[in-house]
Amino acid sequence: MKFIYSILLWITALLIAKPITMLAQTNTEETAVRACLDNYMSGDGDRMEKAFHPSASMKYIDYQSGEFKDVPIAEFIARVKGNTTKAERKIGIVSLNMEGNAAQARIKIETAQVFMYDYMNLLKINGEWKIVSKIFSRQNK
């Protein structure tokens, strides 16, 4: 009887330990994804550059012309680095979904004039989370 009880206890411990280990790994990965997104949300060109994979792109519909735009991320980062006036803004992660080595985040940016929603796709590449694509929507207030 003690033997059966010991086996059941051991099996129960294994069933509990596995989800706890997976949860710890998930929290570590989520922390790493959020650190990458924090670099992007900083507004600092050098930190933003660290957040993106060099081959990333930014796609959007121009709010004035209605034209589809496809911009290499290096061009976007150059614009950020060249911008000497920083607008007052609120920025934060609205949602974050992760599965394995892929993640997707929705970020809300609010300034005095606009609301913008960034949709970021991230991949874990060579052990590091990087934004590989960005699309966004802009709405004037």
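The model shown is predicted, which means the values in this text are computed figures rather than measured ones.
Summarising the geometry of R89 relative to M41, their closest heavy-atom pair is NH2-O, 2.7 Å, with the distance given to 0.1 Å. N39 and A51 get closest at one heavy-atom pair: CB-CB, 4.0 Å. Of all heavy-atom pairs spanning S57 and D70, the tightest one is CB-OD1, 3.8 Å. In terms of heavy atoms, I61 sits closest to G66 at CG2-O, 3.5 Å. M98 and A103 get closest at one heavy-atom pair: CG-CB, 3.8 Å. Nearest heavy atom pair, residue P54 against residue I73, reads O-CG2, 4.0 Å.
At a threshold of 4.5 Å between side-chain heavy atoms, the hydrophobic network of Ile, Leu, Val, Met, Phe, Trp and Tyr places F76 and V114 in one connected group. There is no path of hydrophobic side-chain contacts, each under 4.5 Å, that joins M120 to V132. Under the 4.5 Å side-chain heavy-atom criterion for Ile, Leu, Val, Met, Phe, Trp and Tyr, L37 and I125 are members of distinct hydrophobic clusters. Taken together through direct or relayed side-chain contacts under 4.5 Å among Ile, Leu, Val, Met, Phe, Trp and Tyr, V71 and M116 form part of one hydrophobic cluster. Cluster annotation: I107 and L96 are assigned to the same hydrophobic cluster (Ile/Leu/Val/Met/Phe/Trp/Tyr, side-chain heavy-atom contacts under 4.5 Å, transitive).
Y40 pairs in a ring pair (Phe, Tyr, Trp, His ring centres under 6.0 Å) with only one of the listed residues (W129, F136, F52), which is F52.
A salt bridge is absent between E128 and K124; no separation between the charged side-chain nitrogens and carboxylate oxygens falls under 4.0 Å. In this structure, K108 does not pair ionically with D118, as no charged nitrogen and carboxylate oxygen lie closer than 4.0 Å.
Of the inter-residue distances, the one linking R34 atom CZ with E29 atom CD reads 13.5 Å to the nearest 0.5 angstrom. Atom NZ of K134 is separated from atom CE of M58 by 5.5 Å, given to the nearest 0.5 angstrom. Here the straight-line distance linking atom CD of Q104 with atom CD1 of I131 works out to 12.0 Å at 0.5 Å rounding. The structure places OG of S133 at 13.0 Å from OH of Y119, a figure rounded to the nearest 0.5 Å. To the nearest 0.5 Å, atom CZ of residue R138 and atom OH of residue Y63 are 4.0 Å apart. Atoms CD and CD, on Q139 and Q113 in that order, are 14.5 Å from each other to the nearest 0.5 Å.
Side-chain atoms of D62 and S65 form a donor-acceptor pair, as typed in the model, at a separation below 3.5 Å. S95 and N97 are not linked by any side-chain donor-acceptor pair at a separation below 3.5 angstrom, with hydrogens and angles left out of the test.
At least one test fails for K59 against the ring of F68: distance under 6.0 Å to the centre or angle within 45° of the axis.
Within a 6.0 Å radius of NZ in K50, other residues, nucleotides and ligands contribute 12 heavy atoms or fewer. Shown here is K141, whose NZ atom has more than 12 heavy atoms of other residues, nucleotides or ligands within 6.0 Å.
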Step by step, would you call K81 with D46 a salt bridge (charged side-chain N to carboxylate O under 4.0 Å, His left out)? CA-CA 8 Å; K81 287 181 176 183; D46 292 327; 3.3 Å; yes
Determine, step by step, whether L123 and N121 satisfy the side chain to side chain contact (heavy atoms under 4.5 Å, CB included) criterion, reporting the C-alpha distance in whole Å, the side-chain angles of both residues, the deciding distance to 0.1 Å, and the verdict. CA-CA 7 Å; L123 291 173; N121 290 310; over 6 Å; no
